[in-house]
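Report on the structure given below.
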Amino acid sequence: MTLKSEALAVMTRAYAPYSRFQVGAAIRGASGAVYRGCNVENVAYPEGTCAEAGAIAAMVAAGETRLTEVYVTASGPAPVPPCGGCRQKLAEFGAGDVVVTMGCAGDAELRMTLSELLPGAFTAQHMGD
Ligand code: THU
């Protein structure tokens, strides 16, 4: 399966009764394995989690902490950009040149690197590490 088909498959599992906006994320770990996540909403709205966060959690739980490729897709008409928080979460585990492909219900796709999505990212270097 391609990263795109993995993201589309997991998108159908989204729990999104409040926004009705389904999101699926597939990330490739450095080992080559693929990890998937969907958005999981909650009646207490701020407790909901994004698809990217779910995929990252699956990757870390499997013992990997580096990602090399990301595909995010959603049920809307235009390629879905990761939210600000997810850009920071992805940047924790991926280099600046990692490509994030954004898909949607149609055929349109948008590709950007993590550096383009999060210029001037806050990193461990800023803490003097
Ligand atoms: N959502 C994601 O899963 N990822 C993003 O990067 C953008 C937003 C979800 C959260 C919420 O369940 C729904 O989309 C509407 O904001």
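All values reported here derive from a predicted model rather than from experimental measurement. Counting starts at 1 for both ligands and their atoms, following the listed order.
Of all atoms in ligand 1, listed by their number and element, those nearer than 4.0 Å to a heavy atom of Glu52 are 2 (C), 3 (O), 4 (N), 5 (C), 6 (O). When each atom of ligand 1 is checked for a heavy atom of Cys83 under 4.0 Å away, the hits are 5 (C), 6 (O). Each of the atoms 13 (C), 15 (C) of ligand 1 lies under 4.0 Å from some heavy atom of Ser19. The Pro82 neighbourhood of ligand 1 comprises atoms 6 (O), with distances under 4.0 Å to a heavy atom of that residue.
For atom 11 (C) of ligand 1, the closest non-hydrogen atom on the protein side is Glu41 OE2, 3.3 Å. Atom 14 (O) of ligand 1 has as its closest protein heavy atom Phe21 CD2, 3.4 Å. Protein heavy atom closest to atom 3 (O) of ligand 1, with residue, atom name and distance, is Ala51 N, 2.9 Å.
Here the side chain of Thr113 pairs no donor or acceptor atom with the backbone of Val98 at under 3.5 angstrom. Side chain of Ser75 to main chain of Gln22: a donor-acceptor pair is present (N/O by atom type, distance under 3.5 Å, no hydrogens or angles). Checking side-chain atoms of Glu64 against main-chain N and O of Ala30 turns up a donor-acceptor pair under 3.5 Å.
Looking at Glu52 and Arg87, no side-chain N of the basic residue comes within less than 4.0 Å of a carboxylate O on the acidic one, giving no salt bridge.
Ring pair Phe122/His126 is parallel by interplanar angle, where below 30° counts as parallel and above 60° as perpendicular.
For atom 16 (O) of ligand 1, the nearest protein heavy atom is 4.0 Å or more away.
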Take Thr101 and Glu109, measure what side chain to side chain donor-acceptor pair (under 3.5 Å) needs, and give me the verdict at the end.
CA-CA 7 Å; Thr101 305; Glu109 281 186 346; 5.7 Å; no

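The two residues Glu6 and Met1 have their closest heavy-atom pair at OE2-CB, 3.6 Å.
With a 4.0 Å cut-off on non-hydrogen atoms, Cys50 touches ligand 1 through its backbone as well as its side chain.
Using a non-hydrogen distance threshold of 4.0 Å, Ala16 does not register as a contact of ligand 1.
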